[in-house]
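Naming: A, B, ... by sequence-line order, numbering from 1 per chain.
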There are 2 protein chains.
Amino acid sequence: MAGWRAYIEASQRLFTRLEDDLRADSGLSFADYHVLVLLSEAPGQRLRMGELADRLVFSPSRLTYQISSMRRRGLVARESCPQDRRGSEAVLTAAGLLALREAAPGHLASVRRHLVDDLDDDEVATLTRVFARLGRRLRADRDASSTPSE
Amino acid sequence: MAGWRAYIEASQRLFTRLEDDLRADSGLSFADYHVLVLLSEAPGQRLRMGELADRLVFSPSRLTYQISSMRRRGLVARESCPQDRRGSEAVLTAAGLLALREAAPGHLASVRRHLVDDLDDDEVATLTRVFARLGRRLRADRDASSTPSE
DNA sequence: TAGCACTCTTTGAAATTTCAACAATGTCCC
DNA sequence: GGGACATTGTTGAAATTTCAAAGAGTGCTA
C-alpha cells in the first residue's frame, strides 16, 4: 500500500510537470497534445467524437468542450459523419498538424528527461507490460459492466 | 513511447474506476479520502495547509476549496496555527475519522481488485521501487528550481 | 410504417480548478 | 525600530469539468 501511494503521488507530480513543460514551450495543454496525436494517427486524420472520448478517457461532454476550444484555435475542424447522422467527427487541420510537429520533440524530450532516463531497461519493460495489461483489463471490465447480458 | 501512452491511459482508467467505487460505497471523493488518510497519520491528526497541499500535489487554492468543502460536511475542522499566525491547520474530526474507518476496507479491496491482483510479486516490487524513486526525484527537482541558488 | 428503445452528441447549470491579485505575517538587515 | 522582501493562505473571476436532461437519429418489432 505504500507503493500504491507512491504511485499516485509520483504520477500526479509527473503529469503536472510534463504539462507545465509542454505549455511553456508550445502553448498546448496535455489534452490538446493527445487529441492531436490521436487524430494524426487515425486514418483520414479524423475520429468520431465517441471514439476519441473513449481513447482519451474523457467524458463525452468534456470532449465536446475540449474540441470546441481547439476548433476556435484552428487546431481541428468538425464534420458530421456521413454514415451515421447522429455522429460527428473531429478532423485534424494543417495548423493542428503543424502545432503537433512543433511540440512533439520538446515533449518527448521532457518525457525522457523526467521519466525514462530515471529507469533502466528492465523497469521500462516491466512498466510497459504492466500498464498495457492493466489498460486492457480495465477496458474489458468496463465493457462487461455496460453489457449486463454477460 | 507506446509504453508511455499505455501508462497514461491505464492510470487514467484506474483512477476513474477507483473514484467511482469509492464514491459509490462511501460518498467520499478520492481527494476527500486522501486528506483523511494524511490527517489520520499526522501527529495530532492535524497538518498545515501548505504541507497538506504539497503532499496531495494540490495548488494552494484548490486545497482551500477542498478543505472548506470538507469542513462544511464536518469531516475536518480548522484552527489557526499558534507558532505562525499566517498559517492555518486542518484537523481531523471524530466524524472524519469515522468516515475514513468506514471507507477504508472497501477502498483497499477496490485497489486490490483493480490493480494489485493483476500483478505478480516482482511487478509490485518494481512499481513500488520505481515510483518511490520517481517521486523523490520530482520533489527534488521542484525544490531545486524554486531555490535558484543551486 | 408507427412506435419504442437505444445510441451519439450537445446543452445548461452547478461544482471544481486555475490564475492573478491581495491581506496578513514573518524575516532579514541595516 | 523600520523597511524591503519573502512566505502563507485566501479571494474573486474566469476556465474547465461534471451531471442530468434533451435533441436528433437509428433500428427493431409488430
side-chain hydrogen bond (donor to acceptor under 3.5 Å, both in side chains) contacts in which one or both residues fall within [range], not counting sequence neighbours:
range                      : answer
residues 48-58 of chain B  : Glu51(B)-Arg55(B), Asp54(B)-Arg142(B)
residues 89-103 of chain B : Arg46(B)-Glu89(B)
residues 14-28 of chain B  : Glu19(B)-Arg23(B), Asp21(B)-Ser110(B), Asp21(B)-His114(B)

Kindly write out the residues that satisfy side-chain contact (heavy atoms from CB on, under 4.5 Å) with [X], not counting sequence neighbours, or none if the list is empty.
X         : value
Arg136(B) : Ala132(B), Arg133(B), Arg139(B)
Gln83(B)  : Cys81(B)
Ser61(B)  : Ser59(B)
Ala53(A)  : Leu63(A)

Quiz item: For Phe58(A) and Arg85(A), take the nucleotide of DNA chain D holding the closest heavy atom to each; which residue's nucleotide lies nearer the 5' end?
Solution: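 Going by which nucleotide is closer to the 5' end, it is Phe58(A).
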Quiz item: Can you pull the contact range of chain B along DNA chain C, 5' to 3', using atoms under 4.0 angstrom from its heavy atoms?
Solution: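 The contacted stretch runs from dA15(C) to dG26(C).
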Self-check item: Set of side-chain hydrogen bond (donor to acceptor under 3.5 Å, both in side chains) partners for Arg112(B), sequence neighbours left out
Solution: none
Give every pair of a protein N or O atom and an N or O atom of nucleotides 8-12 of chain D that lie under 3.5 Å apart, one pair per line with the distance.
unit_1: dT8(D); atom_1: O3'; unit_2: Arg48(B); atom_2: NH2; d: 3.1
unit_1: dG9(D); atom_1: OP1; unit_2: Arg48(B); atom_2: NE; d: 2.9
unit_1: dG9(D); atom_1: OP1; unit_2: Arg48(B); atom_2: NH2; d: 3.3
unit_1: dG9(D); atom_1: OP1; unit_2: Ser88(B); atom_2: N; d: 3.4
unit_1: dG9(D); atom_1: OP1; unit_2: Ser88(B); atom_2: O; d: 3.4
unit_1: dG9(D); atom_1: OP2; unit_2: Gly50(B); atom_2: N; d: 2.8
unit_1: dT10(D); atom_1: OP1; unit_2: Arg78(B); atom_2: NH1; d: 2.8
unit_1: dT10(D); atom_1: OP1; unit_2: Arg78(B); atom_2: NH2; d: 2.5
unit_1: dT10(D); atom_1: OP2; unit_2: Thr64(B); atom_2: OG1; d: 2.6

Quiz item: Which residue pairs satisfy the salt bridge (charged side-chain N to carboxylate O under 4.0 Å, His left out) criterion with at least one member in residues 35-44 of chain B, sequence neighbours excluded?
Solution: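 Sorted result for residues 35-44 of chain B: Arg5(A)-Glu41(B).
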Exercise. Name the nucleic acid region contacted by Arg62(A), choosing base, sugar-phosphate or nothing; use a 4.0 angstrom heavy-atom cut-off, strictly under.
Key: base
Quiz item: Which residues in residues 16-44 of chain A have at least one heavy atom lying under 4.0 Å from any atom of DNA chain C?
Solution: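 When residues 16-44 of chain A is checked for heavy atoms under 4.0 Å from DNA chain C, there are no hits whatsoever.
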Quiz item: Could you go step by step and tell me if Tyr65(B) and Phe58(B) meet the ring-ring contact (aromatic ring centres under 6.0 Å, His included) rule?
Solution: CA-CA 11 Å; Tyr65(B) 183 90; Phe58(B) 269 29; over 10 Å; no
